[in-house]
Amino acid sequence: MDTIAFKTIGIGVTFSPNLEANINEAARLALFLGGRLVLIHVGESSDEKLNTFLSFLNPFKDQGLDFEVSFKAGDPVEVILSTTEEKKVDLLIIGALKKENFVKYYLGSIARKITRKATCSILLLINPSKERVSCNHIVVNGLKDPKTEETVTTAFFVGHKLGASRVTVVEEIGDDEVSVKVDDDKSLRKSTIVKERLRMREEMRVKAILKTIPNELTKDIMIKSQPIFGKRGYSIGHYAQVARADLLVMNAPSKMTFWDRLFPHDIEHILTELPTDVLIVQ
Amino acid sequence: MKSKESSLGGFIKALPKNIFSGLVVSLIALPLGLGLAMASEAPPIAGVITAIVGGVIVSVLGGSFVTISGPGNGLVGVVLIAITSLGLTATYAAIICSGIILIILGFLRLGKLADYFPSSAIQGMLAAIGLIILGKQFHIMLGNKIVRDSGIDYLLEIPNTIITVFQFEDKGLIYAALAGVLSLAIMVFYSKIRNKYLQLIPAPMWIVIVSVGFSYYYQLVLKSPNPISLDYMIPAIPDIQTIVREIPSPDFKMVGSLSFWSSVVALTLIASIESLLSIKAVDKLDVDKRRSNVNKDIKALGLATVVSGFLGGLNVVTVIARSSVNVNNGGSNRSSNLFHALFLVVFILLFSSELTRIPLSALMAILVYTGYKLASPVIVRKIFTIGKEQLIIFFATLLVTLKIGLISGIIAGLIATFIIHVVVTKSLGLFMKNILKPNVLMYKEEDGSYFVSVKHFCSFLNFNTLKNNLEAIPENNDVIIDFSLCGFVDHSVMESVDDYQELFHKKGGNIEVIGLDVLGAKSKHPFALRRMLTLQKILPDNKTKRQTNLSLVADNFDLTYNPIKKTYGEFLENFIYFKTKKIEHIFNELTEKNGQYRSFDVTFSEGEFIAKEVVRTTMLFIKTSKTIPAFTLDKEGLLERLYALAGYEDIDFESHKDFSNRFYLRGENPEEIKAFFTNELVRFFESNAYYHVESNNDGVLICNKQRIASIKEIKALLDYGVRLNKLINNT
């Protein structure tokens with residue numbers, strides 16, 4: 001429980017048409033999660049800027065929001081990352097861009113760099129809005145990975161705090177794990193059996209993880225586990241989109257080398273086409 | 001262990017049927033083999049060698065069930081170019097190399113190469129091949145051998161040849177032309193005449209029989225030489241000793257040259273495309289609905305090609321027309337392919353000298369018909385109904401193939417398709433950014449059905465991801481394919497998805513496609529929309545005389561009349577009659593108020609490609625109120641007695657000698673059937689006109705002639721059915 005509390009929530013802000021929506025969203029989240037909000041602005045401080053921020057923040061002050069505004073000039077990536085560490089931010093919120101004429105979202109180059117380098121958890125918002133949009137369905141990955149347990153717990157923590165009604169744990173099973181290739185009726189039967197076995201195994205594993213989660217987090221939430229055969233990191237995004245999830249919770253990648261970027265896998269797929277809001281748990 | 005024993009038992013039990021269908025197939029394979037080889041300017045025997053080697057090797061090692069392998073039409077053009085540019089012995093070397101590549105493709109599981117080509121481009125390529133065959137052989141058929149440079153030149157010469165024919169002075173040439181025209185007439189009208197004795201022997205074999213008979217008539221009765229010019233007779237076919245002694249040795253000297261390898265690539269490409277299309281089409285005809293192992297089959301075809309190349313044969317491919325003849329004649333496993341090869345060996349052993357009595361022009365008439373079928377206007381019209389842009393792709397491929405060559409043609413088709421897709425979607429990025437992404441998500445929902453969601457776009461470029469997912473679903477499951485996250489779905493995909501729908505439906509599953517309507521509205525989806533509207537409706541006020549009369553019958557008999565075409569007759573599916581036939585649509589339906597019986601006209605097709613026969617007939621379907629045993633009842637004739645020899649059993653009654661003699665009754669469960677056929681029922685059948693009566697447990701299907709019935713006949717049919725139904729319900 002203690003490990004997953006988001007005590008300090010950071011958001012990078014610039015003067016864009018989305019400013020108010022971004023601040024509103026961040027402030028609401030901070031209130032829900034019970035954390036302090038840090039606005040990080042890349043640039044020299046000025047009274048005019050501060051007043052604009054305050055004008056958006058004041059309505060939340062009455063509801064008990066604790067916040068701070070930090071100004072620092074320099075390279076945006078550097079500034080945001082260093083401020084995050086200085087202020088001990090646990091959760092950094094980044095807004096995504098929307099493609100023109102398309103209902104598709106992607107991360108700008110700065111946001112992408114930050115996502116790769118950050119040491120804290122990151123929330124990528126695709127559709128910040130001034131008004132509150134409720135979060136009903138959360139999809140979380142159930143990969144076979146040491147981090148998964150914490151990620152799933154975090155998903156339930158956030159779900160509990162935001163009043164989500166449904167959490168789906170998705171286990172992605174790579175095609176390479178299915179040892180039988182389908183050629184004819186016989187091999188099809190074999191591969192169906194192998195897949196059924198893998199599915200059972202994965203469900204058992206997820207059940208074991210679910211048992212470790214405190215009861216108070218899961219009691220009002222409908223839990224479903226869904227095994228998927230497909231490419232890791234990609235199919236979960238696709239699933240989140242199909243299942244109309246409001247939030248996708250994923251493990252932070254364990255390593256990020258040059259090759260990973262060239263041959264995108266896991267999280268990189270999600271970054272190129274955000275299916276919904278994504279929370280990457282560090 | 002038990003299943004193995006019973007499968008061996010089943011194999012032996014099915015053996016007579018497979019020998020029989022092997023024989024029928026060999027009757028069509030012999031003239032086709034000779035003709036295809038001669039059309040590619042290889043020695044005529046090369047085609048027969050190809051069929052024999054293919055039949056033996058593929059039947060032993062192949063992965064499909066009811067296919068027949070041998071020399072293919074598609075390859076005629078490629079082999080022809082190879083032989084003219086490389087020479088015969090180097091061509092054998094090229095054939096061997098392409099066989100090796102096919103084996104490698106099989107091992108790399110790349111047998112499904114043809115999936116990467118848009119279907120309109122493939123259609124265009126096949127049509128071009130058809131025109132090449134037709135253009136070249138048309139002149140020989142009419143006794144006017146000419147040599148031109150390209151396929152188009154041959155086509156342009158056709159009017160000239162027709163004029164030349166009427167100016168022939170040489171009697172030998174006139175007879176040659178007459179033989180050609182007569183043979184073409186046999187090919188065209190054969191499928192129109194529905195006589196079961198005539199249909200037992202395939203049309204190409206009739207041509208052989210008639211021409212050999214003609215030659216003997218001149219020799220024995222008129223005692224004069226065959227009047228057909230010697231230039232237009234098949235050159236001497238070597239006997240088996242000579243064939244073995246004179247096996248050509250492939251010449252690998254040209255391995256370094258570019259033209260050699262371009263021939264190898266073309267051979268491999270066309271061989272794999274033709275085989276794959278045939279396997280796919282034949283799987284649809286398979287009575288047992290088995291799934292062919294394509295990669296295994298490609299490996300076997302590759303090996304057979306290598307062996308065939310060493311023995312002086314051509315590329316071995318899976319052939320559609322012969323395979324469909326195999327299915328129609330009761331072929332049920334690979335042994336029929338083997339028997340077809342063995343019968344060919346017997347023919348060559350016994351009759352190789354007789355074959356020289358066949359006029360070349362008659363043989364080429366078979367090929368002209370084949371070529372026409374590949375490039376028939378029906379195909380163009382069908383493509384046009386799907387969309388004008390498909391026609392552009394079709395003709396781009398067709399013209400480039402004719403003018404330059406096969407490989408350039410197919411590349412032109414690919415490029416044309418891609419450009420059209422980009423123009424239609426107005427977005428190059430959609431394709432470039434997403435082409436390598438695993439765009440298909442498939443998962444099993446909690447209720448056991450599968451959900452498949454496709455993202456970005458789905459076209460010939462990335463269809464194989466969707467295909468792989470669909471292949472991995474057992475066909476008796478329910479599947480939902482959701483295209484709503486997709487910006488573009490092309491015609492090739494829609495067509496293939498339609499094939500899968502049919503396959504799943506046959507095996508008890510179901511595929512539902514959703515999300516396309518959203519797509520149509522949002523991005524004006526031309527391919528998908530056109531694809532769904534192919535079934536045109538007959539205007540209600542545009543009735544034929546028969547239709548007006550039918551509606552009068554409906555009023556008299558208190559029935560409902562519906563003239564509109566329906567694509568599907570699900571209730572007909574379980575009848576043995578339709579097992580090897582493809583129902584296209586039913587129309588002119590007369591239904592009783594509570595739906596107990598209905599008469600209707602049905603259009604169905606039998607066989608594929610040049611062996612395809614479209615039949616329209618009138619039938620009566622009765623839904624019985626109780627379950628009755630499945631049986632088939634026919635008039636007993638010579639043919640049925642022949643079938644009985646081939647292993648089909650006739651159920652006979654001790655107490656009804658007359659009935660047993662006159663009727664041919666069969667079914668899975670003789671005891672139950674015997675109990676069901678009471679004295680009354682037997683007397684009913686004895687005293688009424690002959691009909692084909694068939695039951696599938698909960699329904700009875702009645703028909704007699706394989707043509708549309710007249711109003712009087714429909715009334716008789718209705719009367720017969722109503723009385724039969726009463727009798728069945730009383731027993």
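Labels below follow one simple rule: chain letters A, B, ... track the order of the sequence lines, proteins then strands, and each chain is numbered from 1.
No part of A:K186 comes within reach of chain B, as not one of its non-hydrogen atoms sits under 4.5 angstrom from that chain. A:T192 touches chain B through its side chain: at least one heavy atom from C-beta onward sits under 4.5 Å away, while N, CA, C and O do not. Neither the backbone nor the side chain of A:R189 comes within less than 4.5 Å of any heavy atom of chain B. Looking at A:E196, the atoms closer than 4.5 Å to chain B (heavy atoms on both sides) all sit in the side chain, from C-beta outward. With a 4.5 Å cut-off on non-hydrogen atoms, B:S292 touches chain A through its backbone but not through its side chain.
Surrounding CZ of B:R109 are more than 12 heavy atoms belonging to other residues, nucleotides or ligands, all under 6.0 Å away. Within 6.0 Å of atom NZ in A:K190, 12 or fewer heavy atoms from other residues, nucleotides or ligands are found, so the atom counts as exposed in its surroundings.
A side-chain donor-acceptor contact under 3.5 Å links A:Q226 to the backbone of B:K444. Using modelled atom types, one side-chain atom of A:D185 and one backbone atom of B:R291 make a donor-acceptor pair closer than 3.5 Å.
Ranked by heavy-atom pairs under 4.5 Å with chain A, the list B:A472, B:S453, B:S64 is led by B:S453. Taking chain A as the reference chain and counting heavy-atom pairs below 4.5 Å, the highest number among B:E471, B:M442, B:K455, B:E475 is found for B:K455. In terms of heavy-atom pairs under 4.5 Å with chain A, the best-connected choice from B:N439, B:N468, B:V294, B:N469 is B:N439.
The side-chain heavy atoms of B:Y443 and A:Y239, taken from C-beta on, include a pair separated by under 4.5 Å.
Screening B:V440, B:L441, B:V454 against A:H238 for a side-chain contact (heavy atoms from CB on, under 4.5 Å) leaves a single residue, B:L441.
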